[in-house]
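Written out below as structure tokens is the structure these notes cover.
Proteins come first, then strands; the chains are lettered A, B, ... in the order of their sequence lines, and each starts at number 1.
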There are 2 protein chains.
Amino acid sequence: MQVLDQVASFKRPVRFSELLANSPFPKPTLYRFVQTLTNQGMLAFDAERQTYSMGLRLVRLAHAAWRHSSLASVARPFIEALAEKIGESIHLAQIDNGHVLFVDKYRATDKFDTLAQAGKIAPGYCTGVGKVILAFMPECAQKRALDEQSFVAYTPNTHRDRTTLATELSIIRKARVAYDREEHELGIISIACPILTGQEQVVGAVSIATSTNRYGIDDLKKHWPDLCDTANSIGAQAELWQVPTWG
Amino acid sequence: MQVLDQVASFKRPVRFSELLANSPFPKPTLYRFVQTLTNQGMLAFDAERQTYSMGLRLVRLAHAAWRHSSLASVARPFIEALAEKIGESIHLAQIDNGHVLFVDKYRATDKFDTLAQAGKIAPGYCTGVGKVILAFMPECAQKRALDEQSFVAYTPNTHRDRTTLATELSIIRKARVAYDREEHELGIISIACPILTGQEQVVGAVSIATSTNRYGIDDLKKHWPDLCDTANSIGAQAELWQVPTWG
DNA sequence: ATTATTAGTTTCATATAATGAAACTCAGTT
DNA sequence: AACTGAGTTTCATTATATGAAACTAATAAT
């Protein structure tokens with residue numbers, strides 16, 4: 001599994017020796033791993049260039065995961081509708097061990113990002129979607145998630161420790177909305193709502209993101225009712241389709 | 001790995017017992033498998049419903065596979081251009097052990113299918129893309145691929161044995177183009193071109209598909225030059241990006 | 001209420017397979 | 001001709017997977 005992550009992290013076909021240099025395994029062990037994974041179709045080996053890449057089987061599994069186990073497919077029509085109405089970028093995210101995984105994006109200009117562009121990972125503590133998901137997670141899960149964070153200060157506005165973040169999270173929980181005030185990237189702000197099931201269990205979040213050149217936080221606030229509606233609709237659908245929580 | 005395929009084949013969250021019924025493994029073995037996969041994030045377990053689904057890690061890996069190791073991302077602009085010009089559905093496929101894997105589709109009406117819709121699998125011997133890829137595969141690989149086929153007669157036009165198929169494949173190889181004459185689905189025909197590297201190694205295929213209600217094979221033939229250009233452009237890009245062959 | 005039935009989980013002696021140091025092969029160098 | 005270094009194989013050692021059976025907890029039938 002670690003090996004798969006390794007290969008994925010190189011964003012190109014990779015040589016055995018490169019993997020070896022970046023892995024804790026001794027040579028023959030790693031060798032047998034990649035061989036097995038290749039036989040299983042999880043990796044693909046290019047005999048000519050002697051490089052490994054992600055295998056076809058993974059693409060197949062990907063299809064299933066994306067289609068049946070991510071919010072993306074059930075949420076898409078709602079996100080699309082919202083984007084059309086607002087004309088700004090919409091992000092859809094789920095949580096994965098304290099990291100936010102963007103499972104879909106709709107950019108105001110380019111229409112939907114496909115999986116090629118979605119699938120990105122961002123830290124949970126400095127994005128609108130991340131904070132709102134954290135705020136609504138069960139106490140213990142939230143604690144676990146935060147324990148794994150290293151609180152990198154991406155911008156001057158980024159939370160730099162747990163205490164200030166904890167305060168904001170409790171405010172977010174009450175307000176049922178989170179804002180990203182240029183905490184992850186300067187010039188980018190967003191408003192985010194949680195996607196909840198009937199039992200108030202958080203399964204993800206939707207956000208409207210925009211550039212500070214165009215709008216301020218106050219302008220985003222105006223879209224709150226629409227964003228909220230969208231989040232609720234997605235929540236209802238997610239429950240219907242039993243989309244997993246990935247807490 | 002088999003277990004992952006299993007879970008994927010159910011198109012919904014699945015219970016342990018359902019997996020058990022469809023797996024060759026004894027209960028405790030399978031139990032430990034799903035437990036391990038869940039811990040690794042390859043599967044997700046919904047404690048409330050006691051169901052398993054594809055995990056988040058898989059979605060992440062999926063992203064990498066799709067983006068860096070499938071033809072889809074490099075081919076997309078060319079396919080888009082072709083679709084705009086022709087106004088018909090375009091399919092992009094790669095081969096996987098004799099099965100054709102659709103890695104992208106552009107439907108004339110709905111714009112791009114995302115991974116949610118792509119990722120489907122079809123047999124190689126009765127689709128335009130499948131036949132043209134088989135025709136250009138190295139002899140030994142082709143043999144291996146055909147050995148695994150069971151030659152189901154989807155329609156009256158489907159090849160029912162290897163001999164008639166072999167004849168057609170050699171014709172296709174010479175003509176550098178394949179036609180699907182309602183061999184997989186009645187009412188659907190297509191014209192397909194191979195995507196080749198500089199060394200004439202096949203990496204995939206593009207096809208234009210249409211309904212017999214609208215057009216005949218002869219109409220598709222008119223688009224051959226455009227299709228060919230598209231395939232060549234994708235081939236050049238694939239080589240540049242070292243997209244794996246998945247032979 | 002009591003007993004069957006079934007789904008999910010744990011145990012443990014046994015068998016099996018993974019491990020990695022070292023040795024080997026075969027390019028492409030120096 | 002000897003050297004490097006990437007990739008591959010060997011094999012005795014060690015750890016790990018295996019699955020029959022037993023157990024538990026929940027639901028259904030009597």
Side-chain angles (χ1 to χ4, degrees), chain A residues 1-55 57-58 68-69 138 140-141 199 201 242 244-247, chain B residues 1-55 57-58 68-69 138 140-141 144 199 201 242-247:
Chain A
M1 311 275 92
Q2 295 191 47
V3 179
L4 287 177
D5 282 343
Q6 273 287 331
V7 178
S9 75
F10 285 81
K11 303 187 170 176
R12 53 177 174 81
V14 64
R15 297 194 64 120
F16 173 71
S17 49
E18 297 179 279
L19 285 176
L20 184 62
N22 292 279
S23 104
F25 304 108
K27 213 196 316 193
T29 305
L30 182 67
Y31 182 67
R32 268 175 289 114
F33 281 166
V34 295
Q35 218 171 242
T36 308
L37 289 169
T38 304
N39 288 334
Q40 296 290 335
M42 303 295 277
L43 291 181
F45 181 62
D46 179 337
E48 207 163 323
R49 303 178 200 278
Q50 298 214 129
T51 53
Y52 294 89
S53 6
M54 309 305 281
R57 187 178 200 163
L58 221 37
H68 304 296
S69 304
C140 56
Q199 298 86 52
Q201 200 183 23
Q242 300 182 16
T245 314
W246 287 339
Chain B
M1 312 274 93
Q2 294 190 49
V3 179
L4 287 177
D5 282 343
Q6 274 287 330
V7 177
S9 74
F10 285 81
K11 303 190 169 173
R12 54 179 174 78
V14 63
R15 297 197 64 130
F16 174 71
S17 51
E18 298 179 280
L19 285 175
L20 185 62
N22 291 280
S23 105
F25 305 107
K27 209 186 338 180
T29 306
L30 181 68
Y31 182 68
R32 267 175 288 115
F33 280 165
V34 295
Q35 216 169 244
T36 308
L37 288 169
T38 304
N39 288 335
Q40 297 290 333
M42 303 295 277
L43 291 181
F45 180 63
D46 180 337
E48 206 163 321
R49 302 177 200 279
Q50 298 214 129
T51 53
Y52 294 89
S53 8
M54 309 305 282
R57 187 179 201 164
L58 221 37
H68 305 294
S69 304
C140 55
R144 252 189 296 115
Q199 298 86 54
Q201 201 183 22
Q242 300 183 17
V243 173
T245 315
W246 287 342

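Taking atom CG on A:L20 and atom P on C:dT19, their separation rounds to 14 Å, with Å as the unit. Going from atom CD of B:Q50 over to atom C1' of D:dT27 covers 12 Å, rounded to whole Å. Following rounding to the nearest Å, A:R15 (CZ) and D:dT8 (C1') show an atom-to-atom distance of 14 Å. One atom, CZ of A:F16, and another, C1' of D:dG5, lie 13 Å apart when rounded to the nearest Å. One can place CD of B:E18 at 14 Å from C1' of C:dT6, the figure rounded to the nearest angstrom.
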What does the list of N/O pairs under 3.5 Å between the protein and nucleotides 25-30 of chain C look like, with a distance for each?
none

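Using a 4.5 Å heavy-atom cutoff, the side chains of A:F16 and A:K27 are in contact. The closest side-chain heavy-atom distance from A:L58 to B:L58 is below 4.5 Å. Looking only at side-chain heavy atoms (C-beta outward), B:D5 and A:R57 come within less than 4.5 Å of each other.
Going from atom OG of B:S23 over to atom CD of B:Q2 covers 8.0 Å, rounded to the nearest 0.5 Å. In this structure, B:N39 CG and B:R32 CZ are separated by 13.0 Å, a value rounded to the nearest 0.5 Å.
Remark: B:P28, B:T29, B:R32, B:F33 in residues 27-45 of chain B come within less than 4.0 Å of DNA chain D through at least one heavy atom.
Closest approach of A:V34 to A:Y31, counting heavy atoms only: CG2-O, 3.1 Å.
Remark: side-chain polar atoms of B:Q242 are not paired, donor with acceptor, to backbone N or O of A:R12 under 3.5 angstrom.
Under the 30°/60° scheme for interplanar angles, the aromatic rings of A:F33 and A:F25 are found to stand perpendicular.
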